[in-house]
Every structure is written in C-alpha cells, then in structure tokens.
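First comes the structure, then the notes that go with it.
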Amino acid sequence: PLFRSRVLDAVKWGVRAIENSKYHFYLNLEPLIDAKNVWTDIAANFSTDQERSLLLGGEMSFWTDNYCPVAQCQPNLNKPKPKGWWMYDTKHDQVFGESASNIIWPRSVAGAGSFWNYVASLSSDEFLARYHAQNGRLAARGITSCPENCVCDVLTKCGKPYPHPE
C-alpha cells in the first residue's frame with residue numbers, strides 16, 4: 001500500500017510512502033512557498049536505512065481551487081468566488097496556462113532537486129545560482145515560468161495583473 005500523509009509514521013509502520021508536506025511541496029498554499037523552503041531534505045527525520053528505503057520520493061502538488069467556479073468546487077454559494085474563477089472558462093485557457101505555469105515553475109525544479117539529490121552543504125547563494133540557471137533553461141525551452149526575482153500568483157505576474165474580462 002501507498003501512504004501519503006505523515007510520512008514518518010508511515011515508514012515506521014513499514015509502509016512505503018511519498019513525501020508531500022504542505023509546508024514544502026504544496027505549490028499554491030498561500031502565502032506562496034518560497035523556493036528556498038522547497039529545497040529540503042525529505043529523509044532528514046528517518047533514523048534507519050530501513051526507514052529511508054521505504055521513502056519512495058516526493059511530489060509537488062498544485063490544486064486548482066483558485067480557478068474553479070463556485071458551483072463546481074464550492075457548492076456552498078455563500079462563499080466568495082475563488083480568485084481566478086474567470087480563468088476556468090476555456091476562453092481564458094491561455095491566461096490560465098500562464099498563471100498556473102508561473103506558480104508551478106520554477107519552484108517544482110527545486111522540489112525535484114530535493115527529491116533527487118539534496119545537498120545539505122549547499123550555500124544559499126549556490127542554491128539560488130542553480131535555481132536561476134534552471135529557470136533560464138526552462139525559459140530557453142519555451143516553458144512558461146515565473147521570471148527571476150519576481151513573484152507570481154494566481155492573479156499576477158511580477159506584480160502585474162493578468163488580463164481580466166470584467
């Protein structure tokens with residue numbers, strides 16, 4: 001069986017697990033998680049090789065609640081509309097794609113690096129240099145990602161709002 005919550009408990013019970021801490025790997029948890037927080041040792045709390053062998057890796061999560069229309073994702077109509085509700089309509093796929101992609105990239109690169117080859121001795125400056133280099137590679141390949149030294153969220157890129165139909 002695969003267990004996705006409380007990873008440390010799962011491996012202590014002898015169950016294979018995937019790390020998905022909301023404090024490190026939920027990409028659209030607000031306030032948005034900084035890339036430096038995504039760079040973390042997912043096996044740090046495991047005390048034995050047996051426990052570490054049950055850790056299969058990690059995953060980044062991106063939820064679309066901020067884009068979903070109220071009737072679809074929040075049937076209790078007393079709640080306010082999600083921030084990016086208007087992007088759910090297929091007429092706005094391009095804006096939705098840019099908004100979502102700018103949240104996912106390049107922070108997912110830092111998460112993937114943590115899962116693949118976490119290096120505790122990496123200085124903050126070296127981490128940022130690698131992070132920005134990877135972001136440059138994404139851009140060179142035509143992948144939409146949040147620009148360097150910029151904040152991107154559901155409604156804005158570098159502080160500028162995405163075009164809104166209303």
Side-chain angles (χ1 to χ4, degrees), residues 2-7 10 16-42 55-118 122 124 127-166:
L2 190 59
F3 191 88
R4 290 191 164 174
S5 167
R6 297 186 353 212
V7 172
R16 295 177 296 146
I18 295 173
E19 178 59 78
N20 187 16
S21 166
K22 71 178 180 180
Y23 303 108
H24 295 285
F25 307 122
Y26 275 37
L27 293 171
N28 49 336
L29 181 69
E30 294 184 354
L32 295 178
I33 297 170
D34 183 85
K36 289 180 192 175
N37 196 42
V38 175
W39 181 250
T40 187
D41 185 357
I42 62 173
L55 179 63
L56 301 177
E59 70 178 359
M60 306 296 292
S61 294
F62 177 76
W63 303 100
T64 59
D65 299 31
N66 283 324
Y67 302 98
C68 201
V70 173
Q72 175 113 8
C73 291
Q74 297 178 3
N76 177 354
L77 298 179
N78 293 329
K79 291 186 177 185
K81 290 180 181 178
K83 292 178 181 183
W85 64 270
W86 55 273
M87 291 183 208
Y88 192 79
D89 190 307
T90 56
K91 294 184 295 192
H92 307 292
D93 279 355
Q94 184 175 351
V95 176
F96 166 76
E98 184 175 353
S99 172
S101 191
N102 283 329
I103 292 172
I104 295 168
W105 303 111
R107 289 181 301 139
S108 288
V109 169
S114 291
F115 306 150
W116 177 65
N117 187 25
Y118 178 78
L122 196 64
S124 183
F127 166 78
L128 287 174
R130 291 180 183 191
Y131 179 74
H132 294 309
Q134 284 296 101
N135 199 23
R137 289 182 190 98
L138 290 169
R141 292 181 173 125
I143 297 169
T144 302
S145 71
C146 191
E148 190 172 327
N149 300 317
C150 188
V151 174
C152 299
D153 61 29
V154 172
L155 298 177
T156 65
K157 173 182 176 181
C158 303
K160 295 181 182 177
Y162 293 112
H164 191 291
E166 292 182 1

Does Cys150 form a disulfide (SG to SG under 2.5 Å) with Cys158? I'd like the steps, not just the answer.
CA-CA 5 Å; Cys150 188; Cys158 303; 1.8 Å; yes

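- If you check the side chains of Asp93 and Thr90, you find no donor sitting under 3.5 Å from an acceptor.
- In terms of modelled atom types and a separation under 3.5 Å, the side chain of Asn135 and the main chain of Cys146 share a donor-acceptor contact.
- Side-chain atoms of Ser145 do not come within 3.5 Å of backbone N or O of Leu138 as any donor-acceptor pair.
- The shortest heavy-atom contact between Lys157 and Asn102 is CD-ND2, 3.6 Å.
- Residues Ser61 and Trp63 share a closest heavy-atom pair of CB-NE1, 3.8 Å.
- Once rounded to the nearest 0.5 Å, the distance linking CH2 of Trp86 with CG of Leu155 reads 7.5 Å.
- His92 NE2 to His164 NE2: the interatomic distance, rounded to the nearest 0.5 Å, is 8.0 Å.
- In this structure, CG on Asn20 lies 4.5 Å from OH on Tyr26, to the nearest 0.5 angstrom.
- Counting heavy atoms from C-beta outward, Val38 and Tyr131 have side chains that stay 4.5 Å or more apart.
- Between Val109 and Arg137 there is no side-chain heavy-atom pair separated by less than 4.5 Å.
- To the nearest 0.5 Å, atom CD1 of residue Ile42 and atom OG of residue Ser114 are 7.5 Å apart.
- Atom CG of residue Asn28 and atom CE of residue Met60 lie 10.5 Å apart, to the nearest 0.5 angstrom.
- The structure places OG1 of Thr40 at 9.5 Å from CZ of Phe115, a figure rounded to the nearest 0.5 Å.
- Within a 6.0 Å sphere centred on CD of Gln94, other residues, nucleotides and ligands contribute 12 heavy atoms or fewer.
- Here the side chain of Arg16 pairs no donor or acceptor atom with the backbone of Leu56 at under 3.5 angstrom.
- With a 4.5 Å cut-off on side-chain heavy atoms, Tyr162 and Met87 count as touching.
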Checking Asp153 against Lys83 for the side chain to side chain contact (heavy atoms under 4.5 Å, CB included) test, could you report, in this order, the C-alpha distance in whole Å, the side-chain angles of both residues, the deciding distance, and whether it holds?
CA-CA 10 Å; Asp153 61 29; Lys83 292 178 181 183; over 6 Å; no

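- Taking every heavy atom of both residues into account, Val7 and Glu19 meet most closely at CG2-CA, 3.6 Å.
- By the 4.5 Å heavy-atom criterion applied to side chains, Cys152 and Pro147 are counted as neighbours.
- Between Phe62 and Tyr67, the ring planes lie tilted relative to each other; the angle falls in the 30° to 60° range.
- Using a 4.5 Å cut-off on side-chain heavy atoms (C-beta onward), Tyr118 and Trp39 make contact.
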